[in-house]
Amino acid sequence: MRTKTIAGVALAAIVTASAPGHAQPAMNRLEVAIKPLFDDPKLVKRLPEGVKFYFGPQAVDVAQDLGPTNSYRMTVRGARTKADACRWALLSSLKAMGEQAQKAGGNAVVGLYSVIGEDHRSEATFICVFSENTLSVSLRGTMAVVK
C-alpha cells in the first residue's frame with residue numbers, strides 16, 4: 001500500500017509542476033561575441049573544412065542558394081564561463097549546419113541569426129539562453145555556394 005501512496009504523490013507532483021501557472025525555471029538571455037570562437041584555432045579545427053559562416057547581414061557573393069538550415073544545440077556549463085559554454089553550443093550548431101551545407105553541395109552558411117526569443121541578426125553577436133547549468137543556442141541560416 002505504501003508503494004501506491006508514494007507513486008501517487010510523485011504523480012501529483014509531476015502534474016502540479018507541469019500545470020499552467022506553476023513556476024518554471026527562469027530562462028536568462030545572454031548576448032555573446034562570435035569572434036572569440038573563430039580566434040581559437042582548436043575550435044575552428046572542429047568545423048567542417050572549407051565551409052564559411054556569415055552572420056547577420058554580412059555581405060557575401062552567393063552563387064547558388066541551397067535552401068534553409070537550422071540547428072538547436074544545448075550544453076552543460078560545467079567549469080566553463082557562461083560565454084564559453086554558449087560558444088561551445090554555437091560551435092556544435094555551426095558544425096551541424098556546415099555538414100548539412102556540404103552534403104547539399106555548398107561551401108557556406110549565410111545570413112546566420114539567433115532564433116531564441118525574438119530574431120537576433122548580428123555580425124558580431126549571437127543569443128544564448130540559460131537556466132541554472134544548461135545553455136542553448138538556436139540558429140537559422142541559408143546553405144549556399146559562395147564565390
Side-chain angles (χ1 to χ4, degrees), residues 7 9-147:
V9 170
L11 179 60
I14 292 169
V15 170
T16 303
S18 62
H22 189 280
Q24 298 294 320
M27 294 299 282
N28 299 296
R29 196 171 180 245
L30 183 62
E31 190 169 343
V32 181
I34 297 165
K35 189 175 181 318
L37 184 145
F38 289 97
D39 286 346
D40 186 335
K42 288 182 275 180
L43 296 180
V44 171
K45 186 177 179 179
R46 293 176 174 266
L47 294 170
E49 191 173 334
V51 177
K52 297 177 183 174
F53 299 92
Y54 298 91
F55 289 82
Q58 281 181 298
V60 59
D61 192 3
V62 175
Q64 184 179 6
D65 180 324
L66 300 172
T69 181
N70 59 60
S71 179
Y72 173 82
R73 293 292 190 267
M74 293 176 61
T75 191
V76 175
R77 179 176 174 192
R80 298 175 284 204
T81 66
K82 286 178 188 164
D84 284 343
C86 287
R87 281 189 206 93
W88 187 257
L90 174 66
L91 176 69
S92 181
S93 282
L94 293 176
K95 182 178 180 200
M97 295 170 95
E99 289 170 351
Q100 186 179 8
Q102 282 181 323
K103 287 179 185 172
N107 65 353
V109 181
V110 302
L112 282 159
Y113 64 99
S114 299
V115 292
I116 290 183
E118 58 189 57
D119 291 354
H120 177 80
R121 298 172 191 262
S122 170
E123 294 178 24
T125 61
F126 68 99
I127 299 299
C128 179
V129 295
F130 62 94
S131 62
E132 294 192 36
N133 205 29
T134 304
L135 301 101
S136 306
V137 170
S138 185
L139 299 175
R140 286 195 185 136
T142 301
M143 299 177 292
V145 175
V146 299
K147 296 179 182 178

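No hydrogens, no waters, no symmetry mates; every other heavy atom, side chains included, goes into these values.
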Checklist entry - Are the side chain of Ser114 and the backbone N or O of Ile116 linked by a donor-acceptor pair below 3.5 Å? => result no
Item to check | Minimum heavy-atom distance between Gln58 and Phe53, given as atom pair plus value | outcome: OE1-O, 4.2 Å
Item to check | Stepwise side-chain hydrogen bond (donor to acceptor under 3.5 Å, both in side chains) test for Ser92 and Arg46 | outcome: CA-CA 9 Å; Ser92 181; Arg46 293 176 174 266; over 6 Å; no
Next on the checklist: Is there a side chain to side chain contact (heavy atoms under 4.5 Å, CB included) between Arg29 and Ile127? Walk through the geometry before answering.
Outcome noted: CA-CA 7 Å; Arg29 196 171 180 245; Ile127 299 299; 3.4 Å; yes
Checklist entry - Do Leu112 and Arg140 have side-chain heavy atoms sitting under 4.5 Å apart? => result no
Checklist entry - Could you walk me through whether Ser93 and Tyr72 pass the side-chain hydrogen bond (donor to acceptor under 3.5 Å, both in side chains) check? => result CA-CA 6 Å; Ser93 282; Tyr72 173 82; over 6 Å; no
Next on the checklist: Would you compute the distance between atom OG1 of Thr75 and atom CG of Asn133 and round it to the nearest 0.5 angstrom?
Outcome noted: 9.0 Å
Checklist entry - Is there a side-chain contact between Arg80 and Arg87 (heavy atoms, below 4.5 Å)? => result no
Checklist outcome for this item: Residues Gly141 and Met97: closest non-hydrogen pair is N-CE, 3.8 Å
Checklist entry - Ser138 and Arg73: side-chain donor and acceptor closer than 3.5 Å? => result no
Item to check | Between CE on residue Met143 and CG on residue Leu66, distance to nearest 0.5 Å | outcome: 6.0 Å
Item to check | Leu135 CG to Leu30 CG distance, which is reported to the nearest 0.5 Å | outcome: 8.0 Å
Checklist entry - Is the closest basic N to carboxylate O distance between Asp84 and Lys82 below 4.0 Å? => result no
Next on the checklist: Checking Thr134 against Ser131 for the side-chain hydrogen bond (donor to acceptor under 3.5 Å, both in side chains) test, could you report, in this order, the C-alpha distance in whole Å, the side-chain angles of both residues, the deciding distance, and whether it holds?
Outcome noted: CA-CA 6 Å; Thr134 304; Ser131 62; 4.8 Å; no
Checklist entry - So do Val62 and Val145 actually touch side chain to side chain, heavy atoms under 4.5 Å? => result no
Item to check | Chi angles and distances behind the side chain to side chain contact (heavy atoms under 4.5 Å, CB included) call for Phe126, Val137 | outcome: CA-CA 8 Å; Phe126 68 99; Val137 170; 3.8 Å; yes
Item to check | Check: Asn107 side chain, Val146 main-chain N or O, donor-acceptor pair, under 3.5 Å | outcome: yes
Item to check | Residues Asp65, Thr142; criterion side chain to side chain contact (heavy atoms under 4.5 Å, CB included); working and verdict | outcome: CA-CA 7 Å; Asp65 180 324; Thr142 301; 3.3 Å; yes
Checklist entry - For the residue pair Leu43 and Leu91, what are the closest heavy atoms and their distance? => result O-CD1, 3.5 Å
Checklist entry - Distance from Leu139 atom CG to His120 atom NE2, nearest 0.5 Å? => result 10.5 Å
Checklist entry - In terms of ring plane angle, is the pair Phe38 and Phe55 parallel, tilted or perpendicular, where the classes change at 30° and 60°? => result perpendicular
Checklist entry - Nearest heavy-atom pair of Val32 and Cys86: which atoms, and what distance? => result CG2-CB, 3.9 Å
Item to check | Smallest separation among heavy atoms of Lys95 and Leu47, with atom names | outcome: N-CD2, 3.8 Å
Item to check | For the student: nearest non-hydrogen atoms of Val51 and Gln102, plus distance | outcome: CG2-CG, 3.4 Å
Next on the checklist: I'd like to know whether Val115 forms a side chain to side chain contact (heavy atoms under 4.5 Å, CB included) with Asn70, so could you lay out the CA-CA distance, the side-chain angles of the two residues, the decisive distance to 0.1 Å, and finally the verdict.
Outcome noted: CA-CA 9 Å; Val115 292; Asn70 59 60; over 6 Å; no
